[in-house]
Enquirer: 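Please see the structure below; I have some questions.
Just so it is clear: chains get the letters A, B, ... in the order the sequence lines come, proteins before strands, and each one is counted from 1.
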Amino acid sequence: MINITFPDGNIKAFENNPTGLDVAQSISEGLARDCVAMELNDKIVDLKMQIDSDSKIRLITTRDAEGLEIMRHSAAHVMADAVLRLYHDAQLTIGPVVEDGFYYDIDMQPLSKDDFPKIEAEIQKIIKAKIPFERTEVSKSDAMKFYKDEPYKLEIISELQDETISLYKHGDFTDLCRGPHVPHTGLIKAFKLTKVSGAYWRADQKNAQLQRIYGTAFFNKKELKAYLYFIEEAKKRNHRKIGQALDLFSFYDEAPGMPFFHAKGISIWNCLLDYWRLEHRAAGYVETKTPIMLQRSLWEKSGHWENYRENMYTSTIDEDEYAIKPMNCPGGMLLFGRRPHSYRELPVRAAEIGLVHRHELSGVLAGLFRVRAFHQDDAHIFMTPAQIKDEILGVLQLTERIYSTFGLGFHLELSTRPDKSIGTDAQWETTTQGLKAALDAYGRDYKINQGDGAFYGPKIDVHIKDALGRTWQCGTIQLDMSLPERFNLAYIDKNNEKQRPLMIHRVVYGSIERFFGILVEHFAGKFPLWMAPVQIALLAINDDLAPYAVQVQQTLEKAGLRTEIDSRTESLNKKIRDAQLGNIPLILTIGNKEKESGNLSVRTLDGKVRFGISHEKFLARVLEHIKNRELDLNIFDD
RNA sequence: GCCAGAGUAGCUCAGUUGGUAUAGCACCUCACUUGUAAUGAGGACGUCGCGGGUUCAACUCCUGUCUCUGGCUCCA
């Protein structure tokens, strides 16, 4: 007699050693159909596994996140099977599940997307056949024998600690695998290959280049469709496309990875910075500026010459070697070190919109997301150890305030001491505890990335979430125990003794270029009124009304609004269409009615038109909306 | 940097087996003077990314190079 305990505490007895499937079936056929695996005494295993002692069980169904992962892992096997059927010389390596699906790295001839249809067709055959997955366990030496002709698998097996190795077989295909897997291939209901690219064995350039085939799978077609729709939507929002269409920025062969911003792009940029300065002044920051080119000796002192040299642009002038700054901190250190500081001055919060250059590998450049020249909204905060908690808390609160203005959510991650690090145990203890204390006082959940900190100190990363639910790391708060030491920074404490200040580097936008790109995609190019490069389009209905339109425009410009008159000899419909496609939030159509009544007709970007709004009401509402940095278009509704 | 794909007018793109190139939008001109998402007609616009080669002839084939796109972190 076997007693099975369910998550809700219920206990059920079984006569013979039941499998997970038997347990599911004892509850209902429907449940059995939806089950893909089970958690048996806190371990996720195959549904077909026999239970031979009293156990705790949790059935994992197609509705559980773990279920999806397991099925995708099974899908990776099926894909590998299909590839082997078509390409007999292919050598399998590894095939893990990733965020949106899975991939398999295979040593084979280069593939392109054109090869997908035939691979997908083969996959469909395997899925249709509903082939069961079977687990077998063999000794390490038997596994080595089985894989004698597959060097990658042999390498993997030789590194495994366990003496027993599990193999998963479906049909004629067997793969080395920890498992678990879904009961049969038919549970892969919706399937699609998504990408193919080169990847190195063990991610090392020295090793063989493999074909990495990406795919995704879902338990039903609807979810796959939703996923593909999401991909399409993301494509439509691509900041490179929108940046081109809205005339925001461009790139040239003469300066790869270094964006040029156009008038409309800079208009948005300035909104970002105006707002940033407002918040930072209020939070007690001062703004500074340091040169972009500094002598080699400084970079040697900071350690960049030794550790970051490949990424730095250098130049020799009058026989002196210079480097263009890849980071703002060394300049900031010079500024702090220029005169003695009293403990009474601390904390010093010195911000800098610093232009930095980093020579990134040509292959990693990507629009505004990965560039070689960019601005950081940097700040260096110099403080005493006792001030860590309050300062970090202050940065977190400032960060939250700024992100929420753009309608961006976020989550936090704390990275602790890595294997390679400088500083004493006591220093790491103080600083890490300081960050933790601040996070706890802040009160939001955070994830800990053990050992992921910088070599010079622990850090908090802030990951924002955009309108499509994608996350981006933007903000970061890094404690630095190294630079104050290297630059011999000091403050004078109460007892008139020199003390070493602690320093944090922090950014909120991170790279302003990248943040700009993220916002383009977040808003899909439809910037809120306060950021829109052109806030109001004025469309005169005929040429005779043009002078009156100019008159209206002048009062709006006087109030500080950004406007544009469309004076082309085009139809009103055409002008409206173009203004809408240009994402201009407010469109004023000016005809005789408006001229005679002195009122305005306003069309908002959502296509709603309101007539008979007085100039006074229009100005008051618009200015209020901008002042509050509202994100919606509810400007004239009462 | 590496692998794969791409580069034709300001933008989006067509271009068959090699015979100096297509269309729409945008732009300019003219007519129309428009009431809430494209008025019509006409015109101008190209070293086919750049260099070299093959050929009577290259956007097309070969080669080099530059730039862009996707990927190169996820460990059976």
Enquirer: Given the ring of A:F618, does A:R610 sit roughly above its face, with NZ or CZ under 6.0 Å from the centre of the six-membered ring and within 45° of the axis?
Expert: no
Enquirer: Checking all strands, does A:D175 fall into the base, sugar-phosphate, or nothing category for heavy-atom contacts under 4.0 angstrom?
Expert: nothing
Enquirer: I want to confirm an ordering. Mapping A:F611 and A:K195 to their closest nucleotides on RNA chain B, which one lands closer to the 5' end?
Expert: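 Nearest-nucleotide comparison on RNA chain B picks A:F611.
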Enquirer: Regarding B:rA4, can its base be found pairing with the side chain of A:R212 as donor and acceptor, where the two atoms are less than 3.5 Å apart?
Expert: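 Not at all, since no donor on one side and acceptor on the other fall under 3.5 Å apart.
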Enquirer: Have A:N573 and A:S571 got a donor and an acceptor in their side chains that come within less than 3.5 Å?
Expert: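 No - no donor-acceptor pair under 3.5 Å links their side chains.
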Enquirer: Using atom CG of A:D452 as one end and atom P of B:rU73 as the other, report the distance to the nearest whole Å.
Expert: 15 Å
Enquirer: Pick the P atom in B:rU17 and in B:rU60, then give their distance to the nearest Å.
Expert: 15 Å
Enquirer: Pick out which of A:K241, A:R470, A:R237, A:R240 makes a side-chain hydrogen bond (donor to acceptor under 3.5 Å, both in side chains) with A:E521.
Expert: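 Testing A:E521 for a side-chain hydrogen bond (donor to acceptor under 3.5 Å, both in side chains) against A:K241, A:R470, A:R237, A:R240 leaves exactly one candidate, A:R470.
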Enquirer: Counting runs of three or more consecutive pairs, Watson-Crick or G-U wobble, with each distance below 3.5 Å, where are the stems of RNA chain B?
Expert: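 Stem list for RNA chain B: B:1-7 with B:66-72, B:10-12 with B:23-25, B:27-31 with B:39-43, B:49-53 with B:61-65.
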Enquirer: I want to confirm an ordering. Mapping A:L210 and A:I587 to their closest nucleotides on RNA chain B, which one lands closer to the 5' end?
Expert: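 The residue whose closest nucleotide sits nearer the 5' end is A:L210.
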Enquirer: Using a cut-off of 4.0 Å on non-hydrogen atoms, how would the nucleic acid contact of A:E594 be classed: base, sugar-phosphate, or nothing?
Expert: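 Base, at least one base heavy atom under 4.0 Å.
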Enquirer: Please confirm whether any donor atom in the side chain of A:R202 sits under 3.5 Å from an acceptor in the base of B:rC75, or the reverse.
Expert: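 Indeed there is one.
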Enquirer: To the nearest Å, give me how far apart NZ (A:K593) and C1' (B:rU36) are.
Expert: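 So the NZ-C1' distance, A:K593 to B:rU36, works out to 10 Å.
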Enquirer: Let's go through A:R568 and A:D566 carefully: what are the C-alpha distance in whole Å and the side-chain angles of both, what is the deciding distance for salt bridge (Lys or Arg N to Asp or Glu O under 4.0 Å) to 0.1 Å, and is it a yes or a no?
Expert: CA-CA 6 Å; A:R568 292 173 304 169; A:D566 185 345; 2.8 Å; yes
Enquirer: Pairing donors with acceptors under 3.5 angstrom, does anything connect the side chains of A:Q450 and A:R417?
Expert: no
Enquirer: Distance alone, cut at 3.5 Å: any donor-acceptor contact between the side chains of A:H304 and A:E306?
Expert: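 The criterion, which ignores hydrogens and geometry beyond distance, is not satisfied for A:E306 and A:H304.
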Enquirer: How about A:S601 and A:E594: does a side-chain donor come under 3.5 Å of a side-chain acceptor?
Expert: yes
Enquirer: Spell out yes or no: do the side chain of A:D543 and the base of B:rU33 have one donor N/O and one acceptor N/O closer than 3.5 Å?
Expert: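 For A:D543, whose side chain was compared with the base of B:rU33, there is a donor-acceptor pair (under 3.5 Å).
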Enquirer: Classify A:G101 by what it touches in the nucleic acid, base, sugar-phosphate, or nothing, heavy-atom distance under 4.0 Å.
Expert: nothing
Enquirer: Go through the N and O atoms of the side chain of A:E360 and the base of B:rG1, and report whether any donor-acceptor pair is under 3.5 Å.
Expert: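 When only heavy-atom distances are counted, A:E360 does not reach the base of B:rG1 through any donor-acceptor pair under 3.5 Å.
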Enquirer: Is there a donor N/O on one and an acceptor N/O on the other, under 3.5 Å, for the side chain of A:S571 and the base of B:rU39?
Expert: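 Result: no qualifying N/O pair found.
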Enquirer: For A:I156, report the nucleic acid contact type (base, sugar-phosphate, nothing); a contact means any heavy atom under 4.0 Å.
Expert: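 Here A:I156 touches the backbone only, sparing every base.
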